Amino acid sequence: GRVRIRIADVGGAPVIIARSPQGHIVLLEAGPSPSRLTQEMGAAMPFWERDVHLAVSTSGQADRLRGLTEVGTRYRLRAALTPSTAGRTAVYVEWRRLLDERGVRRLDARAGQTLPLGPEMALDVVGATADSLAVRLRTLHAELLTVGDGPPGAIAVLTHKAGALAPDPATVAPGVRLVIVLGQGVAGPVQALKARLPDARIVETGGAGVVDILVDGLTLSVNVQRGT
């Protein structure tokens, strides 16, 4: 079946939404802007669909949780995967309170945990501390991408901040097929990536673009909408 992944660049921070072949919606990164997240959810889902099967908070930082709070209010959220404490920031405490009020199943992440997302897609927790986590989305055929620190799968998502790319581009193995670089001013780091990964497609979003990815078995199709 087909897996769809939408990656939006919101000022250098990602919104990442995946849809399984069975229609399970997984929010892997919510980004810092509730209004932009709502826009991207609307683009990724039919207007009548309100169910989000899983939302992931990779840390308790405010710029990672503001959008999640919007999703918890606007959509029927079934489960949320969170670090165990995330530093107990005010935004994180509010997020946990919202989950409890709405009866959302709250999952404290553990390294090695696997969450099935239908018969053809799963989410693995590849790293977890008290205040952050890393997850990897995979299908029956391939490891697709990692959110947080850890080796990427077929798709690597890098963010340009303070003149450097994160996660460390050195973790991107030569077998990666698609590298998405978020943020502006990435010419130097991207040239170095192209030299090291000549067989990979490298997409620069310019701080505002959107990348739609369709994975069908081992086939990976990419549509890029440039930001303005």
Side-chain angles (χ1 to χ4, degrees), residues 1-8 14-31 37 40-41 44-45 49-61 64-65 67-87 92 95-157 167 171 213-218 220:
R2 295 181 173 183
V3 174
R4 298 181 183 274
I5 303 171
R6 186 174 180 88
I7 301 175
V15 167
I16 304 178
I17 305 164
R19 184 183 184 92
S20 77
Q22 290 72 38
H24 295 166
I25 296 293
V26 182
L27 179 60
L28 295 169
E29 283 281 16
L37 175 61
E40 298 305 331
M41 294 289 286
M45 303 167 63
E49 188 171 352
R50 309 305 296 171
D51 286 338
V52 175
H53 289 74
L54 178 67
V56 178
S57 54
T58 54
S59 82
Q61 297 175 11
R64 300 294 183 91
L65 288 176
L68 281 176
T69 303
E70 186 77 3
V71 167
T73 302
R74 287 177 173 263
Y75 293 87
R76 289 188 295 267
L77 180 57
R78 297 191 180 183
L81 182 69
T82 69
S84 58
T85 66
Y92 180 76
W95 167 237
R96 302 267 292 208
R97 183 193 63 77
L98 178 65
L99 295 179
D100 291 341
E101 278 187 358
R102 293 184 169 262
V104 177
R105 184 185 177 199
R106 198 174 68 197
L107 307 171
D108 286 336
R110 306 183 312 275
Q113 190 176 12
T114 294
L115 304 176
L117 302 167
E120 299 181 58
M121 195 168 84
L123 190 75
D124 298 326
V125 179
V126 296
T129 67
D131 57 5
S132 67
L133 60 93
V135 296
R136 179 178 298 128
L137 186 70
R138 62 178 170 85
T139 66
L140 295 176
H141 304 285
E143 295 179 346
L144 295 181
L145 63 86
T146 298
V147 179
D149 291 333
I155 304 162
V157 181
T171 65
I213 304 164
L214 178 63
V215 183
D216 190 355
L218 296 175
L220 190 151

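This structure is a prediction, so every number in the text was calculated from the model and none was measured.
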Show every donor-acceptor pair shorter than 3.5 Å between a side-chain atom in residues 119-128 and any protein atom, with sequence neighbours excluded, or say none if there are none.
unit_1, atom_1, unit_2, atom_2, d
E120, OE1, G1, N, 2.7
E120, OE2, Q22, NE2, 3.1
D124, OD1, T114, OG1, 2.8
D124, OD1, R138, NE, 3.3
D124, OD1, R138, NH2, 3.3
D124, OD2, R138, NE, 2.5

Got more than 12 heavy atoms from elsewhere within 6.0 Å of CZ, R97? yes
Beyond-backbone contact of V26 with S20, side-chain heavy atoms, under 4.5 angstrom: no
In terms of side-chain heavy atoms, does R106 have a donor or acceptor partner in T82 at a distance below 3.5 Å? no
Does any part of the side chain of R19, heavy atoms only, come nearer than 4.5 Å to the side chain of E49, both counted from C-beta? yes
Shortest non-hydrogen pair, D51 vs R76, comes out as OD1-NE, 2.8 Å
Test L27 against L54 for side chain to side chain contact (heavy atoms under 4.5 Å, CB included), laying out the working first. CA-CA 6 Å; L27 179 60; L54 178 67; over 6 Å; no
Which residues satisfy the salt bridge (charged side-chain N to carboxylate O under 4.0 Å, His left out) test with R102, sequence neighbours excluded? none
Can you tell if the side chain of V104 reaches within under 4.5 Å of the side chain of R78, non-hydrogen atoms only? no
Backbone N/O of P83 and side chain of Y92: donor-acceptor pair under 3.5 Å: yes
Shortest non-hydrogen contact between G67 and L37, atoms and distance: O-CD2, 3.1 Å
Taking every non-hydrogen atom, the tightest pair across A44 and I17: CB-CG2, 4.0 Å
Shortest non-hydrogen contact from G148 to T146? O-CG2, 3.8 Å
Taking C-beta and beyond as the side chain, do L145 and L28 meet within less than 4.5 Å on heavy atoms? yes
Give a yes or no on whether the backbone of R110 and the side-chain of Q113 come within a donor-acceptor separation of less than 3.5 Å. yes
Answer yes or no: is there a side-chain heavy-atom contact under 4.5 Å between L214 and I5? no
Nearest heavy-atom contact between I7 and I213 is CD1-CD1, 4.0 Å
Hits for salt bridge (charged side-chain N to carboxylate O under 4.0 Å, His left out) against R50, two or more places apart or cross-chain, chain-then-number order -> none
When you measure from the side chain of T73 to the backbone N and O of T69, does any donor-acceptor pair fall under 3.5 Å? yes
Salt bridge or not between D216 and R4? Use side-chain N to carboxylate O under 4.0 Å. no
CD1 on I25 to CZ on R6, rounded to 0.5 Å: 11.5 Å
What heavy-atom pair brings L68 and S57 nearest, and what distance separates the two atoms? CD1-CB, 3.3 Å
Indicate yes or no: at least one non-hydrogen side-chain atom of T58 is less than 4.5 angstrom from one of E29. yes
